[in-house]
Colleague: 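Got a structure for you, written out below as structure tokens; questions coming shortly.
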Amino acid sequence: MFDRSCRNLLVRGVNWIGDGVMTLPALTALRKALPETKISILLKPWVAPVFENNPNIDEIILYDDKHKGIIGKLKLSRMLNKKDFCSAILLQNAFDAALITFLAGIKNRFGYNSDGRGFLLTSALPLPHTKDTTHQIYYYLNLVEQLGLKADYSEPYIFLKPEERLHAREMLNHMRKPILAVNPGATYGSAKRWFPDRFAEIANWFISDTGGSAIIFGGKTEVDIADEIYKKVIPGFRTPDSLLSLAGKTSLRELISLASECDVFVTNDSGPMHIAYAVRTPLIAIFGSTDPVLTGPPPGVDGNNYIVIKPDLSCSPCFERSCKTNDLRCMYAITSDEVYYDIKKILPNNPAVFFDRDGTLNHDTGYINTMDDFHIFTDIDNVRLLKEKGFKVIGISNQSGIARGIVNEAFVKEANSIFMQRFGFDDFYYCPHHPDEHCPCRKPEPEMLLRARAQHGINLRKSYIVGDKEADLLLAKAVGAKGILVQTGELKESEDADFTAKNLTEAVNWIIKQK
């Protein structure tokens with residue numbers, strides 16, 4: 001149905017932050033299906049930061065205040081017409097989305113047949129029969145699939161620039177670790193909001209129990225709620241290094257990067273909840289009036305990274321903005337004890353040492369595809385000393401040769417398993433994607449580490465990354481770990497290295513001394 005020869009595609013994005021996060025897998029699917037097509041996305045300004053720095057999008061077009069009213073819509077349509085789009089895909093269901101692309105003269109207009117707009121679309125697609133029973137991520141993927149394009153599921157991921165991560169880390173540098181983030185607001189309505197005194201209670205317990213700190217997030221309309229929580233925290237904990245309220249003080253992009261630096265995030269069903277899982281921060285999501293099956297943390301996630309707390313009540317979910325019986329039974333049923341117990345379950349605390357493979361653990365002879373070319377360094381046994389000191393030991397490897405068709409994935413798995421079976425590695429992760437795919441798991445993007453954190457409870461700040469390439473050292477900076485360059489590959493020095501070692505033995509000894 002979709003003309004794959006189209007080289008200039010407009011996507012009308014959705015208007016809300018949480019919904020925007022849930023459309024990210026659909027955009028990833030579009031990029032994979034249409035690698036040569038320029039993809040532009042039309043967005044309201046307040047949701048656009050979710051899509052910044054996303055390699056699956058070539059251009060963000062803002063639908064802002066100057067486009068209000070009939071005259072504004074005509075101006076927007078004329079501007080879109082000049083861009084000469086051959087097709088438009090409407091992720092937003094509104095009549096307005098179809099009208100603007102119709103007025104813009106875009107030849108092919110695809111979207112769900114909703115809001116009485118079918119006559120404005122060249123292809124009005126039927127709503128999926130599973131829309132009320134499956135996660136909303138699949139609602140958007142189904143739209144892509146109905147166009148005849150492959151629409152595999154992928155977990156939503158927000159891409160951050162290295163400087164954004166470093167800026168957020170600097171902002172929180174004075175805070176004691178670990179850091180608990182609480183988000184007490186919810187734009188949809190009061191029926192989704194857990195109580196300020198209970199948020200304060202878990203903050204008190206967390207600071208007392210861990211010696212860490214707490215941050216209160218929120219929008220400009222939620223400052224009063226944040227202030228109420230702040231005042232209910234024990235006075236002795238209301239110090240600059242123990243408690244920080246950022247409600248109304250951050251841009252959305254700052255919120256995203258700050259959330260990525262927190263150790264655990266407790267939130268109502270809200271936009272920041274979706275942000276938290278999209279940056280892979282361990283998450284406790286509190287649900288009352290809404291259904292986590294439809295809009296909760298995404299399905300099929302590996303590891304112990306997200307916990308949903310939902311009361312077992314006949315009236316929940318009701319999908320109301322405010323409680324019709326005025327008793328908020330669903331929120332009262334969720335106790336502080338229950339939430340804090342789950343925080344302790346999910347809070348990552350184990351130190352780890354991550355090792356690159358080729359050039360670090362074994363000789364790098366190019367795209368290794370046979371055991372004849374797979375030669376492990378003779379001092380590999382030193383890695384066992386790290387296990388004795390309480391470290392998890394995990395491998396992380398870019399293996400783009402799989403996507404290039406020159407390395408057999410079965411061989412990669414066999415080679416990686418040797419480190420686990422013979423040398424006591426706890427796990428071994430690899431990225432099989434081509435660099436042009438811009439996936440979140442190819443180093444220096446941190447997805448492999450974040451997956452390991454979820455599955456093994458790893459505190460990345462207490463961890464080390466050992467590698468022979470610049471990507472390994474940049475990866476360490478991305479997550480706040482220490483990076484060690486081993487000179488067993490081509491790279492002999494780097495400004496990004498916290499330590500430079502001649503070989504594995506020297507790297508292991510330095511880590512043990514730091515411990």
Colleague: When you measure from the centre of the six-membered ring of Tyr63, is the NZ or CZ of Lys44 under 6.0 Å away and within 45° of the axis?
Modeller: yes

Colleague: Are Tyr153 and Tyr138 near enough that their ring centres are under 6.0 Å apart?
Modeller: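 Yes, the ring centres sit under 6.0 Å apart.
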
Colleague: Are side-chain N/O atoms of Ser257 and Ser260 paired as donor and acceptor at under 3.5 Å?
Modeller: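 No pair is found: no donor N or O on one side chain lies under 3.5 Å from an acceptor on the other.
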
Colleague: Salt bridge between Glu261 and Arg165, side-chain N to carboxylate O under 4.0 Å?
Modeller: no

Colleague: Looking at Lys150 and Asp152, is there a salt bridge between them, counting it only when a charged N and a carboxylate O are closer than 4.0 Å?
Modeller: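 Looking at Asp152 and Lys150, the cut-off is met.
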
Colleague: Determine whether Lys75 and Lys66 make a side-chain contact, defined as any pair of heavy atoms from C-beta on separated by less than 4.5 Å.
Modeller: no

Colleague: Rounded to the nearest 0.5 Å, what separates atom CD1 in Ile343 from atom CG in Asp263?
Modeller: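 Between atom CD1 of Ile343 and atom CG of Asp263 there are 11.5 Å.
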
Colleague: Taking it one step at a time, do Phe159 and Tyr157 satisfy ring-ring contact (aromatic ring centres under 6.0 Å, His included)?
Modeller: CA-CA 6 Å; Phe159 289 83; Tyr157 183 84; 4.8 Å; yes

Colleague: Can you pull the ring-ring contact (aromatic ring centres under 6.0 Å, His included) pairs that have at least one residue in residues 245-276, sequence neighbours excluded?
Modeller: Phe217-Phe265, His274-Tyr277

Colleague: Strictly below 4.0 Å, N to O, side chains only: are Lys469 and Asp472 in salt-bridge contact?
Modeller: no

Colleague: Verify salt bridge (Lys or Arg N to Asp or Glu O under 4.0 Å) between Asp269 and Lys192, making sure each step is shown before the conclusion.
Modeller: CA-CA 6 Å; Asp269 176 19; Lys192 293 171 70 172; 3.5 Å; yes

Colleague: Any carboxylate oxygen within less than 4.0 angstrom of a Lys/Arg side-chain nitrogen, looking at Arg357 and Asp364?
Modeller: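 No, Arg357 and Asp364 are not salt-bridged.
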
Colleague: Any Lys/Arg nitrogen of Lys232 or Glu201 sitting under 4.0 Å from an Asp/Glu carboxylate oxygen of the other?
Modeller: no

Colleague: Is it true that Arg7 and Glu36 make a salt bridge, defined as a side-chain N closer than 4.0 Å to a carboxylate O?
Modeller: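 No, no charged N to carboxylate O under 4.0 Å.
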
Colleague: Is Asp291 paired with Lys310 through a side-chain N to carboxylate O contact shorter than 4.0 Å?
Modeller: no

Colleague: At what distance, to the nearest 0.5 angstrom, does CD1 of Ile394 lie from CD1 of Ile458?
Modeller: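 That separation rounds to 3.5 Å.
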
